[in-house]
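In what follows, a structure is listed as structure tokens, so that the remarks can point back to it.
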Amino acid sequence: MEHPENDKQFAGLTVNKGIEQPPTVNPYMKRRQRRRMLSAAEYVEGILKSNISILSQAVTLVESQNPEHEKIAQEVIEKCLPYSGKSIRIGITGVPGAGKSTSIDVFGLHVLKDGGKLAVLAIDPSSERSKGSILGDKTRMEKLSVHPNAFIRPSPSAGSLGGVARKTRETIVLCEAAGFDKIFVETVGVGQSETAVHSMVDFFLLIQLAGTGDELQGIKRGIMEMADGIVINKADGDNIDRANLAAAQFRNALHLFPTPPSGWTPEVMTYSGYYEIGIDKVWDMIYRYFDFVKKNGYFYTKRRQQEKYWMYETINDQLKEHFYNNPIIEDMLQDKQRRVLANRQSSFTAAHEVLQFYFNNLLNHE
Ligand code: GDP
């Protein structure tokens, strides 16, 4: 249509015909795709093809608290199970500053030298409070984080320790199905998380430091009993003598413990993660352990025990969650607690009444 401004009365003013706008500024520019949620079968297919991006998404799904996500995640885990189990799983613990990340960086490169793929996972009980985890953080493992065959994942942060540990265990299944044949699970050696890690790994490595006084002070007997190997880090420079002394003290202390059910006597040695001294020796020990327990069958016995443990852990966890997350129970508990503290009711009858109410009224009888 001719523009009205082009009428003679507006002489001196011409408006050109417009040109048609192109459909997009750049027809070659792909439209940004919104990530759609994959189906369980698509996740499984991606994982079995070792697609790292899909593996990461599946792990995020495992960690999610959303019931819909949890449902798909369980389906994915179930389908990946037949492809899992073919790795060596190693737990690594030590107090903050013991040199876990420095060591894992070096250990990781060491185990990848002969091929294979390594996943580094973490269980950090403090992450619930701090809303984020420092363990398994990529920036702490500089060399490993850029290695094409390493997958580093920080600790899941939501939920109870039991819940967090369960998610890590489920992540192990996914990683193994994706072809990772070496799994490290890192944890801080300060609380109960060691027990959780111990129940999902084949070998438990305790990283220690040479101190100044009595080396064994402050180390919980339980943690030492769990260890299949104790390594004293930072055996370098003028710290070597102290590290050797600490190793001798640990060896003496271990003599007092009965032989563990594996039949393997835990070994103690010194090394330096930072200067990469003695790394071969540490891994020679770990590989010898695997030969030993695979020969005597304990490797398989332990894995079966762990399966059983996790079944009961999951049941315990979910029962507690169902009970404590119920708003009526929460109110009742507040009330009962006040009564018990005021000596108006005994703790036993208070507990009994709450449970009775729960069993009679709040369970789904479907
Ligand atoms: P994490 O908290 O257990 O992960 O410990 P880091 O790996 O972050 O190490 C804590 C500190 O100890 C860092 O400053 C490291 O550089 C240092 N460190 C780690 N390994 C060694 C070692 O073998 N020798 C020495 N001298 N220092 C080390």
Side-chain angles (χ1 to χ4, degrees), residues 90-112 118-130 132-147 150-157 164 168 182-194 196-198 201 203-212 215 217-220 223-224 226-248 250 267-286:
I90 293 156
I92 298 174
T93 193
V95 292
K100 291 181 296 302
S101 37
T102 311
S103 304
I104 290 174
D105 211 21
V106 178
F107 289 165
L109 294 186
H110 183 86
V111 301
L112 286 172
L118 166 70
V120 180
L121 314 175
I123 294 182
D124 182 357
S126 65
S127 63
E128 191 188 341
R129 264 167 282 140
S130 58
S133 169
I134 50 156
L135 288 186
D137 186 343
K138 289 185 182 174
T139 56
R140 294 165 63 241
M141 296 159 198
E142 281 173 22
K143 296 180 213 121
L144 213 50
S145 61
V146 293
H147 196 291
F151 176 70
I152 303 177
R153 187 84 191 187
S155 171
S157 59
V164 167
T168 302
K182 294 159 188 91
I183 313 275
F184 290 175
V185 186
E186 180 190 9
T187 193
V188 250
V190 288
Q192 295 182 316
S193 51
E194 296 84 8
V197 174
H198 184 245
V201 297
F203 185 96
F204 195 68
L205 186 71
L206 174 61
I207 299 183
Q208 287 291 329
L209 291 178
T212 42
E215 307 309 340
Q217 240 178 30
I219 297 166
K220 288 186 215 80
I223 297 181
M224 265 186 77
M226 272 188 265
D228 301 299
I230 298 178
V231 285
I232 321 288
N233 188 19
K234 308 195 188 182
D236 45 54
D238 52 14
N239 204 27
I240 295 181
D241 288 343
R242 269 187 295 160
N244 285 334
L245 185 66
F250 274 109
E267 294 188 14
V268 182
M269 52 187 66
T270 62
Y271 78 108
S272 164
Y274 189 83
Y275 293 101
E276 302 185 23
I277 306 166
I279 310 296
D280 287 357
K281 211 172 46 175
V282 172
W283 281 90
D284 173 62
M285 159 180 67
I286 296 175

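Remember, it's 1-based here, ligands and their atoms both numbered in the order they're listed. As the structure is a prediction and not an experimental result, all values here were calculated from the model.
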Worksheet item: Hey, which of T187, V197, L205 is the one that makes side-chain contact (heavy atoms from CB on, under 4.5 Å) with T93?
Response: T187
Worksheet item: Are the side chains of I286 and F107 in touch, meaning some heavy atoms are under 4.5 Å apart?
Response: no
Worksheet entry | For K143, all residues meeting salt bridge (Lys or Arg N to Asp or Glu O under 4.0 Å), sequence neighbours excluded | E276
Discussion item. For a 4.5 angstrom cut-off between non-hydrogen side-chain atoms, does K281 reach T270?
Written reply: yes
Worksheet item: Judging by distance only, is a nitrogen or oxygen of Y275 under 3.5 angstrom from one on ligand 1?
Response: no
Practice prompt. Just say parallel, tilted or perpendicular for the rings of F204 and H198, cut-offs at 30° and 60°.
Written response: perpendicular
Practice prompt. Decide whether an N or O pair under 3.5 Å exists between S101 and ligand 1.
Written response: yes
Worksheet item: By number and element, which atoms of ligand 1 are closer than 4.0 Å to a non-hydrogen atom of G273?
Response: 23 (O)
Worksheet, complete the sentence: For P96, the atoms of ligand 1 under 4.0 Å from one of its heavy atoms are 2 (O)
Item to complete: Please identify which atoms of ligand 1 are closer than 4.0 Å to at least one heavy atom of S272.
Response: 22 (C), 23 (O), 24 (N)
Fill in: Heteroatom proximity flag, E186 to ligand 1, N/O under 3.5 Å
no
Item to complete: Heavy atoms only: give me the nearest L209-N233 pair and the separation to one decimal.
Response: CD2-O, 4.0 Å
Worksheet item: Quick one: which of D236, I232, V95, V106 has a heavy atom closest to atom 24 (N) of ligand 1?
Response: D236
Discussion item. List ligand 1 atoms under 4.0 Å from K100, heavy atoms only on the residue side.
Written reply: 1 (P), 2 (O), 3 (O), 4 (O), 5 (O), 7 (O)
Discussion item. Going by salt bridge (Lys or Arg N to Asp or Glu O under 4.0 Å), name the residues that satisfy it together with D284, two or more places apart in sequence or in a different chain.
Written reply: R288
Fill in: Check: G99 N/O within less than 3.5 Å of ligand 1 N/O
yes
